[in-house]
Structure formats: structure tokens, C-alpha cells
There are 2 protein chains.
Amino acid sequence: MNFDVFKNRVSISKENMYREFFQENRNRIKIKKAPVAVKNLIKISEATLALSNKKGFSAMSMRDLSTEAGLSVGALYSYFSSKDELIEMIQQQSMRVATRVLVDQLTGIDDPHFKLKQAIYAHLYLSEIMHTWFYFSYMETKNLTKKVQKRAIELELFTEKIFTDIIEQGKQDRIFRDVNEELVAAMIKAILQDWYLKRWKYEMRNVSVEQYARFLIDLVELYLKP
Amino acid sequence: MNFDVFKNRVSISKENMYREFFQENRNRIKIKKAPVAVKNLIKISEATLALSNKKGFSAMSMRDLSTEAGLSVGALYSYFSSKDELIEMIQQQSMRVATRVLVDQLTGIDDPHFKLKQAIYAHLYLSEIMHTWFYFSYMETKNLTKKVQKRAIELELFTEKIFTDIIEQGKQDRIFRDVNEELVAAMIKAILQDWYLKRWKYEMRNVSVEQYARFLIDLVELYLKP
DNA sequence: GTCTATATCTGGATAGAC
DNA sequence: GTCTATCCAGATATAGAC
């Protein structure tokens with residue numbers, strides 16, 4: 001599966017993404033007109049992601065954010081009631097979309113070889129589309145409230161378990177050899193994450209996301225071959 | 001090579017580490033008596049690492065640090081002249097020790113198989129000993145000054161190149177097959193880093209550092225086998 | 001060398017005009 | 001719904017006693 005095919009399949013348009021963001025946080029957001037709210041949530045979130053990913057969320061001041069988003073500080077507080085709430089909303093939206101897309105892309109697939117491949121593609125392509133969100137989540141998780149931290153850890157383990165289960169299945173079907181599936185799954189996750197954590201490196205070397213996916217799939221298939 | 005053997009070989013005692021820290025920053029540090037300075041640098045650095053790794057360096061206030069280190073705020077400023085200088089000193093010390101140990105452990109080794117193994121052991125064991133430093137470096141790099149950020153990237157590329165070179169050598173000697181050594185080296189780095197970035201996970205599952213090293217070595221050797 | 005007290009400023013957050 | 005002006009808590013950093 002190449003990247004463009006995936007993009008069409010999941011159709012995570014900016015508008016859809018932020019419409020959902022708005023719907024999910026309707027109660028907290030003071031602005032009631034959807035078109036206005038969505039338009040500004042885009043500006044606010046993108047500014048937050050840009051500034052945080054550059055120098056860290058807690059180093060980003062509300063004045064910084066106000067300038068970058070093109071909204072006054074006062075207006076910002078119509079969309080969230082504290083910096084903590086803002087970081088939490090962004091984190092949650094990122095986790096919501098990620099979970100849904102991954103589950104969607106894999107339901108109905110049974111063959112472990114194929115499912116493994118699809119899982120790797122889905123993770124990588126998704127992280128490519130949502131790069132700033134994923135990077136933000138990874139780097140800022142430790143700054144979140146305990147409750148949200150816990151959910152982030154659950155997501156890490158949930159996505160890892162997708163791989164553990166596939167490998168387990170493949171072992172039972174005797175198409176994969178007997179390996180420590182937890183270590184293999186952890187290894188896959190680490191490599192998937194490196195793609196969005198060290199994007200500068202892969203960009204510098206002109207490694208495409210398809211090439212990276214291909215490499216990882218080959219590696220894992222080779223390791224699992226009986 | 002097991003972990004204990006490594007620990008003895010490199011002998012990074014806390015005292016040595018911080019004596020060097022003091023020597024390297026003599027000009028900036030107002031306190032002149034080595035024993036006093038070293039004792040307090042230990043307290044300051046360990047407190048900084050603990051607090052930063054928990055909630056981020058920029059979220060750590062000087063009052064927090066003062067409490068955790070058991071020194072007054074005024075006293076802290078005898079050891080550095082600003083928060084930025086503190087983060088920079090810590091980062092530099094971490095990079096200095098890491099570079100030296102890795103180079104030391106590998107000079108004189110020629111056989112690519114053996115060198116590859118040793119490089120993996122050295123990286124992992126070192127990150128185990130200096131866990132808090134490595135975690136700090138990874139997470140805080142983007143908050144450093146441009147100059148220090150550049151050096152951190154250089155170190156990433158330098159340590160990666162250790163692996164690229166080994167693989168290159170092995171390919172020439174026809175003991176490794178023809179692979180994209182940049183991708184393999186990047187993959188190794190990602191897995192090495194995951195060990196200290198997700199320690200909670202490996203601890204939870206009782207994975208020992210030796211076991212993790214063994215896994216990674218097997219994976220790479222299998223992938224490189226002609 | 002270390003402390004307490006304090007100067008100074010920046011940050012998050014809000015009130016109220018428009 | 002958005003802006004400007006402002007409050008004040010808490011931040012970094014320093015001065016000066018001990």
C-alpha cells in the first residue's frame with residue numbers, strides 16, 4: 001500500500017479533524033458557532049503544535065501563542081480555560097484519531113503476514129499525516145496530568161498489543177517461528193516512533209516513508225521466518 | 001560481555017563524573033574548593049535530572065530545585081549563572097562522557113561481528129548507568145541553545161556512524177550481505193534509545209539489559225547474514 | 001560558601017469595552 | 001466573539017548579612 005492510497009482511504013482532512021475536535025469539546029468551549037470555532041481551533045492547535053514542538057509546551061507563553069495563532073490572549077481563553085486544558089484537548093484528539101484509524105484499517109484482516117504489513121503501513125502513514133501531533137504527544141506526555149498520562153501509556157500498550165497479537169497468531173499458525181513477541185512488538189514500535197521523532201534525519205537523507213516501511217517490513221518478516 | 005564486567009571496565013563513579021564536571025566548568029563556577037563544589041554539583045545535578053525527567057526542565061522552578069537539592073536559591077547561583085547555563089553544563093557533561101566511553105570501548109577492535117556486538121553492549125550498558133542523563137538529553141535537546149542543539153545532533157550522527165562504519169566494513173569483508181547501512185544503523189540507534197526512553201515498560205516486564213542486548217544483537221546479525 | 005530577603009519581571013488568567 | 005488593559009502569583013536573579 002502506498003502513501004497516497006492510504007491518505008485517500010482514511011481521509012483525515014483538516015476540517016474533519018477539527019470539526020471532531022470541536023464536537024468533542026463543545027461543553028468546554030465558550031464559542032458556539034461551529035464555523036468560527038473550527039476556524040480558530042485550527043489556528044490555535046497548529047500554533048500550539050508548532051511552538052511546542054520547537055521549544056516545548058511549558059516554554060510556550062500565552063503571549064507567544066496569541067501572536068502565532070493571530071488571536072488575542074483573551075480570545076484564546078474562550079476556547080480553553082487553562083493551558084493544562086489546552087494540552088489535554090490536543091493530546092486527546094490525537095489519541096482519538098490514532099486509535100480509530102488503526103482499528104479501522106485492521107479489522108477484517110486475518111492473514112498474519114498481510115495484517116503485519118498493513119499494521120506497519122497504517123502506523124507509519126498515519127504518523128506521517130499527523131506528524132506534529134505524534135511528536136507533540138511523545139514529547140509532552142510527561143507534562144500532562146496523571147490521568148491523561150495514564151491514557152497515553154494505555155495507547156502505547158494498545159498499539160503494541162496489535163503487533164503482539166499478530167505475531168502470536170502467526171506463531172500458532174506456524175508461519176512465524178517461536179520468538180519473544182513482546183520484544184519484537186516493542187522493537188517495531190521503537191522503529192515506528194523513530195520515523196516521526198527523527199524526521200530531520202530521514203528528510204536529510206531523502207528516505208521516503210514507503211522506503212522506510214519497506215525496510216521495517218523486510219526486517220520483521222526476516223526475523224519471524226521459521 | 002555482561003553488565004557488571006562493563007561497569008568495572010568503564011568505572012564511571014559518581015565522584016569521577018562530577019570531578020570532571022567541576023574541572024570542565026571551573027571558570028564559570030564561583031566556588032573554588034573542589035570537595036565542596038563536587039559535593040554540591042552532585043546534589044544540584046541529580047536534583048535537576050530528577051525534576052526535569054519528571055515534569056520537564058522548563059517547568060522546574062529554581063525554588064523546586066533549591067528544595068530538591070537541599071541548597072538555597074542563592075547558593076545555586078554560585079554554581080551557574082542562569083538556568084540556561086545549568087542545562088547546558090549538564091548536557092555537555094553527558095555528551096563528553098558518552099563520547100569518551102564509546103570511543104574507548106571500541107578502539108582496537110577490528111572484526112566487524114565482534115565490534116558490532118561490543119558497540120551494542122557499550123551503548124546499552126552506558127545508557128543503563130547514565131539513564132537519567134540520557135533521558136534528559138533526549139527530551140530536553142530541543143530546549144537548548146542552537147549551539148548546543150547542533151552538538152547534540154552531531155553526537156547522534158557520530159554514534160550512528162560507528163554502526164554505519166562497522167556494517168560498511170563487514171560488507172567489504174563479505175561477512176555481511178549488501179544492505180542499506182544507513183537504515184540499519186538508524187534502526188539500531190532507535191532500538192538502543194528505546195531502552196532508556198521506555199524503561200518503565202521493560203522494567204514492568206522484567207526484561208534485563210543483557211536480555212535486551214542479546215535480542216538486538218541477534219536481530220542485527222540475522223539481518224546482516226549473507 | 002551559604003543563607004535570607006528582596007528587586008524585578010514575566011507568566012497565566014480575567015474584566016469589561018466594543 | 002474578540003480585543004485591550006490589567007491583576008497578581010510566581011518566576012529568575014541578585015544583594016548583602018553571616
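Keep in mind that the numbers below use all heavy atoms, side chains included, and drop hydrogens, waters and symmetry copies. Predicted model only: the values in this text are computed from it and were never measured.
Each end of the helix from C:dG1-D:dC18 to C:dC18-D:dG1 gets its own axis, taken as the rotation carrying the C1' atoms of four end pairs onto the next four within a five-pair window, and the two axes meet at 0° to the nearest 10 degrees.
With sequence neighbours left out, the side-chain hydrogen bond (donor to acceptor under 3.5 Å, both in side chains) criterion links A:Asn16 to A:Ser13, A:Arg19.
Looking at A:Phe215, A:Tyr212, A:Tyr196 one by one, the single match for ring-ring contact (aromatic ring centres under 6.0 Å, His included) with A:Tyr202 turns out to be A:Tyr212.
Computed from coordinates, the A:Leu51 CG to C:dG11 C1' distance equals 15 Å when rounded to whole Å. Counting to the nearest Å, the C1' atom of D:dG1 and the NZ atom of A:Lys33 are 8 Å from each other. Nucleotide C:dG11 holds its C1' atom 15 Å from the CG atom of A:Leu86, rounded to whole Å.
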Classify every nucleotide of nucleotides 2-18 of chain D by which part a protein heavy atom approaches to under 4.0 Å, writing B for the base, S for the sugar-phosphate alone and - for neither, in 5'-to-3' order.
BBB------BBBB----
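Inspection of the A:Gln193 and B:Gln193 side chains reveals no N or O donor paired with an N or O acceptor under 3.5 Å. In this structure, a donor-acceptor pair under 3.5 Å is absent between the side chains of B:Gln211 and B:Arg214. Between the side chains of B:Gln91 and B:Arg151, no donor-acceptor pair is found at a separation under 3.5 Å. A donor-acceptor pair shorter than 3.5 Å can be found between the side chains of A:Arg26 and A:Gln23.
Classification of the A:Phe21-A:Tyr18 ring pair by plane angle, with boundaries at 30° and 60°, yields parallel. Relative ring orientation between A:Tyr125 and A:Phe3 is described as tilted, the plane-to-plane angle lying within the 30° to 60° band.
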